[in-house]
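Numbered from 1 within each chain, the chains take letters A, B, ... in sequence-line order. None of the values given here were measured: they were computed from a predicted structure.
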Protein chains: 2
Amino acid sequence: MQPPFHRLEEFVGLTPSDINLVRGWAANPRRVARHQPIRREGDPVNGVFFLLAGWAASSVILRDGQRQVIKVHLPGDMLGFPSLVLSSAGETLEAITDVSLCPIPNAAIGRLIEHNPRLTAALLLNTQKERVALMQALTWIGSASALARMAAFLLDLHDRLDSAGLVIDGTFDFPLTQQFIGDLLGLTAVHVNRTLKRLDATGYVDRKKGQITILDFEGLRSVSPNLPPEPAGRAAWSRIGGKA
Amino acid sequence: MQPPFHRLEEFVGLTPSDINLVRGWAANPRRVARHQPIRREGDPVNGVFFLLAGWAASSVILRDGQRQVIKVHLPGDMLGFPSLVLSSAGETLEAITDVSLCPIPNAAIGRLIEHNPRLTAALLLNTQKERVALMQALTWIGSASALARMAAFLLDLHDRLDSAGLVIDGTFDFPLTQQFIGDLLGLTAVHVNRTLKRLDATGYVDRKKGQITILDFEGLRSVSPNLPPEPAGRAAWSRIGGKA
DNA sequence: CCGTCCGAATCACCTATGTTAGTGACATCG
DNA sequence: CGATGTCACTAACATAGGTGATTCGGACGG
């Protein structure tokens, strides 16, 4: 399948029936304007969202008002899946840019699990990949310096945008405020500014209005806290649920 | 089902065939002595592990040698699931105490996804719950003080041990070194010591050799960064995969 | 064309946490 | 029953990153 659906076939091939189902999701997309909430922490959980276009964020708010951004979501991501096991939403989902997404109601997920084993496997494995990403984020934030976190974040973002075809020659859109990046990396906006300026001054990246260019990948990797884990690919899972 | 298997039925009821399968796992348990590795980062991924008894830890090591402990695993937990989507293990699993666990090979997981939709749903939802836990950890480490993190950790650990029947009157085993807690909470061992002493001095907890007692739950909660999210329970998912 | 607002960029100063370097209490073991 | 090692605990000092406050420029709305 083409982006943004390609991610569903990263680990297992889907059957025609699976693919029809997925295509059906895109029939009635919902649009949300940038900076608007999609679903708030504490709201009822009616289902999940498949992100068709635009950037979104999930975040958690602490009692003292501190916000932790959990993840920046790009097209092809499933949003709100973790809250399925909670009695009310555990994260706030909001649009970073204008966004287009399809709501998938609880009942549809139940039916899918019953009738579409391969698609279920795809979701299960995709969720494990999200877990790996969370483990990485936790590790960076728990034990790397501001500079290392920033480098890791930029490299990761580049790779994810690249695989969605949104990078041209190292340059990509960057619609994030420094405050937001701070909430994501566990830093203050002031320190984000210091850190970005430093990466800029070293010549690793170039910043223009609303865009970033990575000039020196090796340099960035050298200050990054670790190398990204390598995905397994489909070979390992080719036999699940019969032939595709 | 009885502990340690009860967690599998937290969100969906299982069929007799599912239950037989799960019971079969426990047939050939593997024992690992405390402080010994179960599987190292970079090792081949042959499957996952179901923890029958004892405490285990998963952790990630950074290039500079820093270790981030991702999670303390208690009986009933699945270990190593995220690495299923990687070409080699992304986390190190090790025994904190003497441990008993059953290896579940890749092929068995594939068959399970094909033939046991309810069990698959159980695993999918359990994994979402793990994601919620990771999101919580990320939020604590990213934006709470050392004291708040420690309080949150102790409360969470208490609740998890309690639901496994391992707490007596607020007291539970605590086989973790301060260095380990530091690696878990993103602090140094020295600062862990300061923080624990402070909680002790305030009268929130009492520490004996290898054990901890929580004396003042309300006090601990008052310094904790947020309240734990409430699980959905089985009602929401009762219809998956037909009757139990 | 002028106010208003938001976000980037600075600056001076502060503090929570890290660093280094110990000591002493127990275990474990040959 | 000394030798060795691990772990809790302490203290003096260092620093990465936080705070609060200000300035500036561009986008937008009327």
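Mapped onto DNA chain D by nearest heavy atom, A/K209 and A/R194 fall at different nucleotides, with A/R194 at the one closer to the 5' end. Where B/R149 and A/A189 meet DNA chain C, the nucleotide closest to each residue was compared, and A/A189 sits on the side nearer the 5' end. Of the two residues near DNA chain C, B/T188 and B/R34, the one whose nearest nucleotide lies more 5' is B/T188.
The distance from atom CD1 of B/I181 to atom P of C/dT17 is 16 Å, rounded to the nearest whole Å. If you measure from atom CD of B/Q66 to atom C1' of C/dT17, you get 13 Å, rounded to the nearest angstrom. We find that CG of B/D183 is positioned 15 Å from C1' of C/dT17, with the value rounded to whole Å. Per the geometry, CZ belonging to A/F180 stands 18 Å off P belonging to C/dC6, to the nearest Å. Between the CD1 atom of A/I141 and the C1' atom of D/dA16 there is a distance of 16 Å, given to the nearest Å. Across the protein-nucleic acid pair, B/R198 atom CZ and D/dT10 atom P stand 15 Å apart, rounded to whole Å. At whole-Å resolution of the value, NE2 in B/H191 and P in C/dA21 are 21 Å apart. Nucleotide D/dC7 holds its C1' atom 13 Å from the CG atom of B/L196, rounded to whole Å.
A/G182 comes within 4.0 angstrom of no nucleic acid atom, judged by non-hydrogen atoms across all strands. As judged by a 4.0 angstrom heavy-atom cut-off over every strand, B/G210 is placed among residues making no nucleic acid contact.
Counting all heavy atoms, side chain and backbone alike, A/R30 lies closest to A/P37 at NH2-O, 4.5 Å. Between B/V132 and B/P229, the shortest heavy-atom contact is CG1-CG, 3.8 Å.
Between the axis at the start and the axis at the end of the helix from C/dC1-D/dG30 to C/dG30-D/dC1 there is an angle of 50°, using five pairs per end and rounding to 10 degrees.
Contact check, B/R207 against D/dC9: a side-chain N or O comes under 4.0 Å of OP1 or OP2. Residue B/Q179 has no polar side-chain atom (N or O) positioned under 4.0 Å from OP1 or OP2 of D/dC7.
Considering only the side chain of A/A146, D/dG17 comes nearest among D/dG17, D/dT19, C/dT17. Of the candidates C/dT17, C/dT10, D/dT10, the closest approach to any side-chain atom of A/V190 belongs to C/dT10. In the set D/dG17, C/dT10, D/dT10, D/dT10 carries the atom at the smallest distance from any side-chain atom of B/K197. For A/T177, whose side chain is taken as the heavy atoms from C-beta onward, the closest listed nucleotide among C/dG18, C/dA8, C/dA12 is C/dA8. Listed nucleotides C/dG7, C/dG18, D/dG18 differ in distance to B/L187; the shortest reach to its side chain belongs to C/dG18. With D/dA8, C/dG18, D/dG18 as the choices, the nucleotide that has an atom nearest any side-chain atom of B/N193 turns out to be D/dA8.
In this structure, the side chain of B/T97 engages the main chain of B/W55 through a donor-acceptor pair within 3.5 Å.
Between B/L227 and A/R63, some side-chain heavy-atom pair lies under the 4.5 Å cut-off.
Atoms CD and CD, on A/Q136 and B/Q68 in that order, are 11.0 Å from each other to the nearest 0.5 Å. Distance check, rounded to the nearest 0.5 Å: CD1 of B/I38 to CG of B/L51 gives 7.0 Å.
Salt-bridge formation is detected for the pair A/E91/A/R39: a Lys NZ or Arg NE/NH1/NH2 atom is positioned less than 4.0 Å from an Asp or Glu carboxylate oxygen.
By the 6.0 Å contact criterion, CZ on A/R31 is open, its count of non-hydrogen atoms from other residues, nucleotides or ligands being 12 or less.
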